[in-house]
Amino acid sequence: MDERLRRWRLVLGSEADGMPGCSSGELGAGDAGMDAALAALYDQGGSDSSRSAGLGSSAPKVTRWLGDIRTYFPSSVVQVMQKDAIERLNLSRLLLEPEMLEAVEADVHLVGTLLSLNRVMPEQARESARAVVRKVVTELERQLVQKTRAAVTGALDRAARTHRPRRTADIDWDRTIRANLKNYLPDRNTVVPSRLVGYARKQQAVQREVVLCIDQSGSMAASVVYSSVFGAVLASMRSLRTSLVVFDTAVVDLTDQLHDPVELLFGTQLGGGTDINRAIAYSQGLITRPNDSIFILISDLYEGGVRDEMLRRVAAMTAAGVQVIVLLALSDEGTPAYDRDNAAALAALGVPAFACTPDAFPGLMATAIERRDIAAWAERHLKPK
């Protein structure tokens, strides 16, 4: 079969059977297997009834299909197909079976689905589910830890600079010279510094308080996963005091579980309503040093609580000196549906709301620690989705 026709045949499925040169009988053995795997998920009908049977409700049949797609497609495509299968064919119930969990390709979306099923998960599936979640969390930590630590540590060091170094050893000569180039004396070939730039003495005490406040409604699943991993990384840094709060209509403080992001994730309850005002009220009580605090609200801003009070609380936090950041999502999926009226009201308070990708989050934290313009940073570093 011509390569162009082959590709169209695999894209169109059984709908292309009537086209010249595109019948399923002309596909090679490998392509036929690939075609069948695609048809089981995406065909809505067609001349070949065996191709439109779907995956049914049989765990063994689904497990075989999962093995097939891992044979024919790369991991990134497998993850998309798994997500589509869960959404299109309602396979969530089958994910509660241990043999299914051992067959799937673990990714952030699957973790989100498992967390949403946490309350109905039978005990025999729980350990398999934890193994899947731990595999994903370990990989995310591998990708994100080093970059986050480097960005945050660098920002804390820069924020700790002083113009009154106590000792000669504390002077940053490179920055001092650059800051005083206007005082260069050509006849003496030297710079006479009018001000010094130095390092503040290394502090062991907490330099910043960080509060992550995460909406755990169902649409925020990926954001909950990434936020938990970042929260664990930030909590491991002595110079930060990190708190993590999740909320729907109730508020749960999971700070004491930040040492283990897997346990933390299983402490969430994805789904339910949203009371942002209550969550902010609780978070305000965690902040003891407003001028050294960063409050990050991760939510689609659909408020089920008292909107006006929510806005008053945000205004009070910013007036007290808290660096307030609102993320509509912390994921690779772009900006979700969100309450545009609430986003506009926050922007009027000087608190822009935007989606942030996980790879950009360390830079965002560095910007917040140095108290630079968050909106300007977002415009430069985050492409609109």
Side-chain angles (χ1 to χ4, degrees), residues 148 151-153 155-156 159-160 203-216 220 223-224 227-228 230-259 264 267-268 274-299 301 303 305-328 330 342 345-354 356 361-362 364-375 377:
T148 302
V152 170
T153 301
L156 288 169
Q203 301 178 27
Q204 297 300 321
V206 171
Q207 296 181 48
R208 293 290 188 277
E209 295 181 352
V210 179
V211 179
L212 293 172
C213 186
I214 309 167
D215 182 343
Q216 58 178 353
M220 303 297 293
S223 296
V224 171
S227 300
S228 299
F230 278 119
V233 175
L234 297 176
S236 68
M237 303 181 70
R238 291 184 182 180
S239 298
L240 303 177
R241 192 183 81 177
T242 303
S243 302
L244 188 142
V245 173
V246 297
F247 68 93
D248 41 37
T249 53
V251 179
V252 181
D253 191 332
L254 297 176
T255 302
D256 61 351
Q257 296 182 35
L258 278 170
H259 65 282
L264 189 156
T268 64
T274 309
D275 192 337
I276 303 173
N277 177 54
R278 177 179 289 187
I280 294 177
Y282 180 86
S283 299
Q284 282 180 295
L286 299 175
I287 295 172
T288 62
R289 297 159 47 188
N291 286 317
D292 295 323
S293 295
I294 302 165
F295 173 68
I296 304 174
L297 172 66
I298 304 173
S299 172
L301 298 179
E303 172 64 311
V306 184
R307 176 182 186 269
D308 291 343
E309 191 171 332
M310 174 194 76
L311 295 173
R312 282 196 296 271
R313 290 186 187 280
V314 172
M317 291 173 79
T318 57
V322 178
Q323 183 87 313
V324 179
I325 301 169
V326 175
L327 300 182
L328 302 170
L330 180 55
N342 282 338
L346 288 168
L349 297 175
V351 181
F354 52 89
C356 181
F361 186 76
L364 172 63
M365 284 301 304
T367 301
I369 288 170
E370 296 180 63
R371 301 193 73 87
R372 290 184 276 128
D373 189 322
I374 296 293
W377 176 88

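For the atom pair Leu364 CG and Trp377 CH2, the distance stands at 4.5 Å (nearest 0.5 Å). To the nearest 0.5 Å, the span separating CZ on Phe230 from CG on Leu212 amounts to 10.0 Å. To the nearest 0.5 Å, atoms CG (Leu346) and CG (Leu297) are separated by 8.0 Å. Put simply, CG on Leu244 and OG on Ser283 are 9.5 Å apart, with the number rounded to the nearest 0.5 Å. Gln323 contributes atom CD, which lies 11.0 Å from atom CD of Glu370 (distance to the nearest 0.5 angstrom). Interatomic distance, Ile214 CD1 to Met220 CE, rounded to the nearest 0.5 Å: 9.0 Å.
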Please assess Ile276 against Phe247 for the test side chain to side chain contact (heavy atoms under 4.5 Å, CB included), listing each intermediate value before the final yes or no.
CA-CA 8 Å; Ile276 303 173; Phe247 68 93; 3.8 Å; yes
Verdict with reasoning, Met317 to Ile287, per side chain to side chain contact (heavy atoms under 4.5 Å, CB included)
CA-CA 10 Å; Met317 291 173 79; Ile287 295 172; 3.6 Å; yes
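You'll find the side chain of Glu309 stays beyond 4.5 Å of the side chain of Ile280, heavy atoms only. Put simply, the side chain of Val326 does not reach to within 4.5 Å of the side chain of Val314, judged on heavy atoms. When side chains are defined from C-beta on, Ile296 counts as touching Met365, because their heavy atoms get closer than 4.5 Å. Here the side chains of Val252 and Leu254 are in contact, with some heavy-atom distance below 4.5 Å.
Across all non-hydrogen atoms, the minimal contact from Ala250 to Arg278 is CA-NH1, 4.3 Å. Heavy-atom minimum distance, Gln216 versus Val224: CA-CG2, 4.1 Å. Of all non-hydrogen atoms in Thr153 and Met237, the two that sit nearest each other are OG1-CE, 3.4 Å. Closest heavy-atom contact between Gln207 and Asp292: O-CB, 3.6 Å. Shortest non-hydrogen contact noted between Leu286 and Glu209 is O-OE1, 3.9 Å. Looking at every heavy atom in both residues, Pro352 comes nearest to Gly350 through CD-O, 3.4 Å.
Among Cys213, Ser223, Cys356, the single residue meeting the side chain to side chain contact (heavy atoms under 4.5 Å, CB included) criterion with Ile298 is Ser223. When each of Asp275, Leu301, Leu328, Thr274 is paired with Asp215, the side chain to side chain contact (heavy atoms under 4.5 Å, CB included) condition holds for Thr274 and for no other.
The side-chain contact (heavy atoms from CB on, under 4.5 Å) search around Thr255 returns Ser243, Asp253, Leu258, not counting sequence neighbours. Applying the ring pair (Phe, Tyr, Trp, His ring centres under 6.0 Å) criterion to Phe295, with sequence neighbours excluded, gives no partner residue.
Within the 3.5 Å criterion, the main-chain N or O of Leu156 finds no donor-acceptor partner in the side chain of Arg208.
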